[in-house]
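Below you'll find the structure, written out as structure tokens, and then a few comments.
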There are 8 protein chains.
Amino acid sequence: MPLVSVVMGSKSDTEALKPTLEVLDKLGISYEVNVISAHRNPERVRQYGLEAQNQGIEVIIAAAGGAAHLPGVLASWTTLPVIGVPLATSELTGIDALLSIVQMPAGIPVATVAVGKAGAKNAAYLAAEILGLKHDDIRKAYQEYRKDLQGDN
Amino acid sequence: MPLVSVVMGSKSDTEALKPTLEVLDKLGISYEVNVISAHRNPERVRQYGLEAQNQGIEVIIAAAGGAAHLPGVLASWTTLPVIGVPLATSELTGIDALLSIVQMPAGIPVATVAVGKAGAKNAAYLAAEILGLKHDDIRKAYQEYRKDLQGDN
Amino acid sequence: MPLVSVVMGSKSDTEALKPTLEVLDKLGISYEVNVISAHRNPERVRQYGLEAQNQGIEVIIAAAGGAAHLPGVLASWTTLPVIGVPLATSELTGIDALLSIVQMPAGIPVATVAVGKAGAKNAAYLAAEILGLKHDDIRKAYQEYRKDLQGDN
Amino acid sequence: MPLVSVVMGSKSDTEALKPTLEVLDKLGISYEVNVISAHRNPERVRQYGLEAQNQGIEVIIAAAGGAAHLPGVLASWTTLPVIGVPLATSELTGIDALLSIVQMPAGIPVATVAVGKAGAKNAAYLAAEILGLKHDDIRKAYQEYRKDLQGDN
Amino acid sequence: MPLVSVVMGSKSDTEALKPTLEVLDKLGISYEVNVISAHRNPERVRQYGLEAQNQGIEVIIAAAGGAAHLPGVLASWTTLPVIGVPLATSELTGIDALLSIVQMPAGIPVATVAVGKAGAKNAAYLAAEILGLKHDDIRKAYQEYRKDLQGDN
Amino acid sequence: MPLVSVVMGSKSDTEALKPTLEVLDKLGISYEVNVISAHRNPERVRQYGLEAQNQGIEVIIAAAGGAAHLPGVLASWTTLPVIGVPLATSELTGIDALLSIVQMPAGIPVATVAVGKAGAKNAAYLAAEILGLKHDDIRKAYQEYRKDLQGDN
Amino acid sequence: MPLVSVVMGSKSDTEALKPTLEVLDKLGISYEVNVISAHRNPERVRQYGLEAQNQGIEVIIAAAGGAAHLPGVLASWTTLPVIGVPLATSELTGIDALLSIVQMPAGIPVATVAVGKAGAKNAAYLAAEILGLKHDDIRKAYQEYRKDLQGDN
Amino acid sequence: MPLVSVVMGSKSDTEALKPTLEVLDKLGISYEVNVISAHRNPERVRQYGLEAQNQGIEVIIAAAGGAAHLPGVLASWTTLPVIGVPLATSELTGIDALLSIVQMPAGIPVATVAVGKAGAKNAAYLAAEILGLKHDDIRKAYQEYRKDLQGDN
């Protein structure tokens, strides 16, 4: 039963989210990957959002480009923390996705990370920090990683 | 039975959409006004989107600021044309709302108009142009308006 | 007698509008393609705009980059709905075209879609939504497409 | 017979163009003021553009906000130099008008000046520089002004 | 022993963070408030970051404007989740703070929320989502809030 | 004795200004080309600016990227019309050069054209419009060009 | 004989530079204030730049808004360090001044600080850091200030 | 004992800082190069910042991309002048790094130079100007360079 759900709006985002999966693997965090478009299949997003918590999911990572509604729409269907990764998939180089994800209205937050590759990695690290509050092994794995990081420039 | 549905995400957007209603009134287009938040009440947005066409609605005008998902989320639940009005309600003066509304992914368009007051009016004029293809009285009212406009600088 | 007119400002925009034509073809919507520069040949734009409605055109799709006046200028000569596609043809990656198209003054709306390829497709889908209000076959074709979309991620 | 035509899209721009008229007065340059909307009355813009040169006009100053097509549309109807003044009339503080005016396609230039008040003044000074090539009194008046400027900080 | 630490860079940010404290109060989440400048007193930021976890803090909320280093600097000293709130305190209306907070390098994430008031509230709601994974009462309080939200537009 | 002076800040801008020279050639306008850096050799800019008018120059075209002071500095040393071409030579894709050139203070205008290639061409066309007020052959050549343009899309 | 020269382009910038003078006073750094426009009086800027070093000036602080050439032009006439303060005096809220000052070409640097009030103060603090390398009393005064700062949040 | 310390956040920035080292070499300024991440190893940044002055360092040059905290964090630990070089390492082409570096709060300035290569060079030239106030050989070398520059376009 995975703790993290990684959701992307299109199969074409797979490459962009590879760093996320690599970090989750490295930290030993269980996860599942889903391809669900916020707009093309809103019913499936809704079902997914409504049931995620009951499935044992504790953190959702959602990536999207352009209007980038996926993280916010998922957040509207669940009370789990949703981490949003803005992708630079449009001509506007990701500033559109960043603003669409981060500027959520009061009540329905999305935890936004950097545009592109740094953000794809940090979504997983942020998930580790959140899960680490409750799961000792994840906290230790992340703290170990941060110690290693100090020697790595 | 109204032809146009004007949807806003919050009662506080009422003032911003007053120009829309005034133009619809002037052109004799029937409408209803709904306050439904894309994020705070996604279930109601879904219900509304799924039923709008059956209720006789032909055009949806949706206004939102910040992440401004309302027009896009409505568009994902209906095949009616959705007109999006970006509101300058955040510190970022509306550029966030504009990008969040206009940069929709392929398949689910939102017909975006200008940020703020000009856009609020033009949402109604655009609805008139669309409805005018089918409804003679609306086409005539809009063409009359455009003729009057030529003398008005 | 085509329902949709696709207008571009320069032959060099042909590639950028190919997705528009493909979607129109797929949905069985009749169209014509015109190359008319808003600035280099304003007289022809005027003639085209003034006569489009009499020719049976119901929706105009106009694409342009840079100052991108074509959609707005066409809109000033007709009361048909005009859909504007911002192209990323200048060094400023399309933000100039987006603002030039979307920020139209009250009275003369342009229905703006996303910058570039997503917008090129959505211009055709938006045309389908608009025409679908009146033409049953187009509405059904578009609704069919949207159903198929749900299985396609 | 005025040498300069100052054109604005709306009576509400009168205040914004007052500095232009004051500078023209100070330098003794004859001018006329016209209110013609690029979009609401394209026929009048066309007539004006086509006849300006025959009326003895040598330089056109056109100011607009938002999509700000007026200078570019005038430029498409005339071969006289057109000076464009971007106005900060929309929520986007003038960056939209600046890009819409300056990013004209090859062949139809608009001589663009600063957004707002500085630009309103400089439109008149630029007209003086242009007219000064041919009209000795204007060149002298402008050179006099520039000399005075050196003592004025 | 508070679960949440709210850190601001200057006493002058107190007003901007009032919505954060109100939401934490409403949801019954214990918190402390600290004023520590990332730049003026880096030693105190370091001490605070190094000890926060041992003090029982589980989530840090940090707000800053301009170069807005506070959230990122705190994140570099702790492995607790850090939520960053960009404040619109400079002439650049908050876009500087947003980019400075969200664009963190791989390894040291900051969970970024909206610029200004919406973000100030959402920092607290995001903290509730994170803490709710472990603390049943906070999860319930937040879920209750979200239910109430559905009736509130 | 050339009528137009084309000034660039660095030999590396030669390619960017080739379209300017081609248009000047096509229209039969005499010109000279100078490479003078606004910052590296301010004394030479000053000399050039002070003497240009006496040398018979009537219009100066100056291109620059980044901080792009060259057009404005030349304008401060002469009362001839200066046309500024913003080049996209920095990582910021030309928006820096555009703002640095167009936002001149009251009294010292620079006639700004589009960023990059379109602007490089339009600098020459604008020079033709300006010179055409006084030089019949240039006016005719430009009007001829504009007529040809109508058939060229 | 002052060590620092504070230069502004217009008397109207006096208020914006008051924080600079207050910080210089507080740190006991001698200074003079000059009002010289980069564009309106380039000869005086040149004279000032050429003679500053001989007058004993060691650091120049120059503030400007809009195209904001003053710091860069001064830098082209001197080999003293020039600190540039971007002012938010145009409709574009200072982003124009920032880019015009910071994006200087290789060889002629301007040490740029924040837009507006924070930058006005930091120009003086940066001058103190620079002068402190050579002048013990200034170094001590600045270090004292920084120590006090630690208790001031 | 080097006078200048060049600090980068990651080994991958080596290429971007090569122009800095070349200019320092050319001017005969002694320097050391350090790779220290502001976020991954804050303790080492602190140690470095606290001890730099005692090691004889007089100017610090720090380069960073994205959130780009390195220059500001170093500035918070030292009273030496810190020169910040924004790198275009993220999808946002360096505007994020520029704002994160330049918008420092009052009291802790960072002397910011241009984004990318021009900035990398100018960081070294600015260091030369600063050091030249105290070190005659550096001042002379820089003045020599500036003289040579006048013949080099």
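To find a chain, count down the sequence lines: A is the first, B the second, and so on, and within it residues start at 1. Only this structure's heavy atoms are used, side chains among them; waters, hydrogens and symmetry mates stay out.
Looking at G/Ala75, the atoms closer than 4.5 Å to chain H (heavy atoms on both sides) all sit in the backbone: N, CA, C or O. Using a 4.5 Å cut-off between heavy atoms, G/Val102 contacts chain H through both its backbone and its side chain. Heavy atoms of G/Val23 lying under 4.5 Å from chain H are absent altogether. Both the backbone and the side chain of H/Val115 come within contact range of chain G, each with at least one heavy atom under 4.5 Å from a heavy atom of that chain. Of the two parts of H/Leu99, only the side chain, counted from C-beta on, holds a non-hydrogen atom closer than 4.5 Å to a non-hydrogen atom of chain G.
Counting heavy-atom pairs closer than 4.5 Å to chain H, the top residue among G/Ala111, G/Gly107, G/Pro86 is G/Gly107. Comparing G/Pro109, G/Ala118, G/Gly119 by heavy-atom pairs within less than 4.5 Å of chain H, the highest count is held by G/Pro109. Between chain H and the residues G/Gln103, G/Lys121, G/Met104, the largest count of heavy-atom pairs under 4.5 Å involves G/Gln103.
In this structure, the side chain to side chain donor-acceptor pair (under 3.5 Å) partners of H/Asp136, at least two apart in sequence or on a different chain, are H/Arg139.
Counting all heavy atoms, side chain and backbone alike, H/Glu129 lies closest to G/Val82 at OE1-N, 4.2 Å.
Atom NE2 in G/His135 sits 7.5 Å away from atom CG in H/Leu133 (nearest 0.5 Å). To the nearest 0.5 Å, atom CD1 of residue H/Ile130 and atom CG of residue G/Leu80 are 11.5 Å apart. Here the OG1-CG distance, from G/Thr112 to H/Leu98, works out to 8.5 Å after rounding to the nearest 0.5 Å.
Heavy atoms from other residues, nucleotides or ligands lying under 6.0 Å from NZ of H/Lys26 number more than 12. Within 6.0 Å of atom NZ in G/Lys134, more than 12 heavy atoms from other residues, nucleotides or ligands are found, so the atom counts as buried in its surroundings.
Judged by distance alone, the side chain of G/Arg146 and the main-chain N or O of H/Thr78 form a donor-acceptor pair under 3.5 Å.
Side-chain contact between H/Asn122 and G/Ile108 is absent, with no heavy-atom pair separated by less than 4.5 Å.
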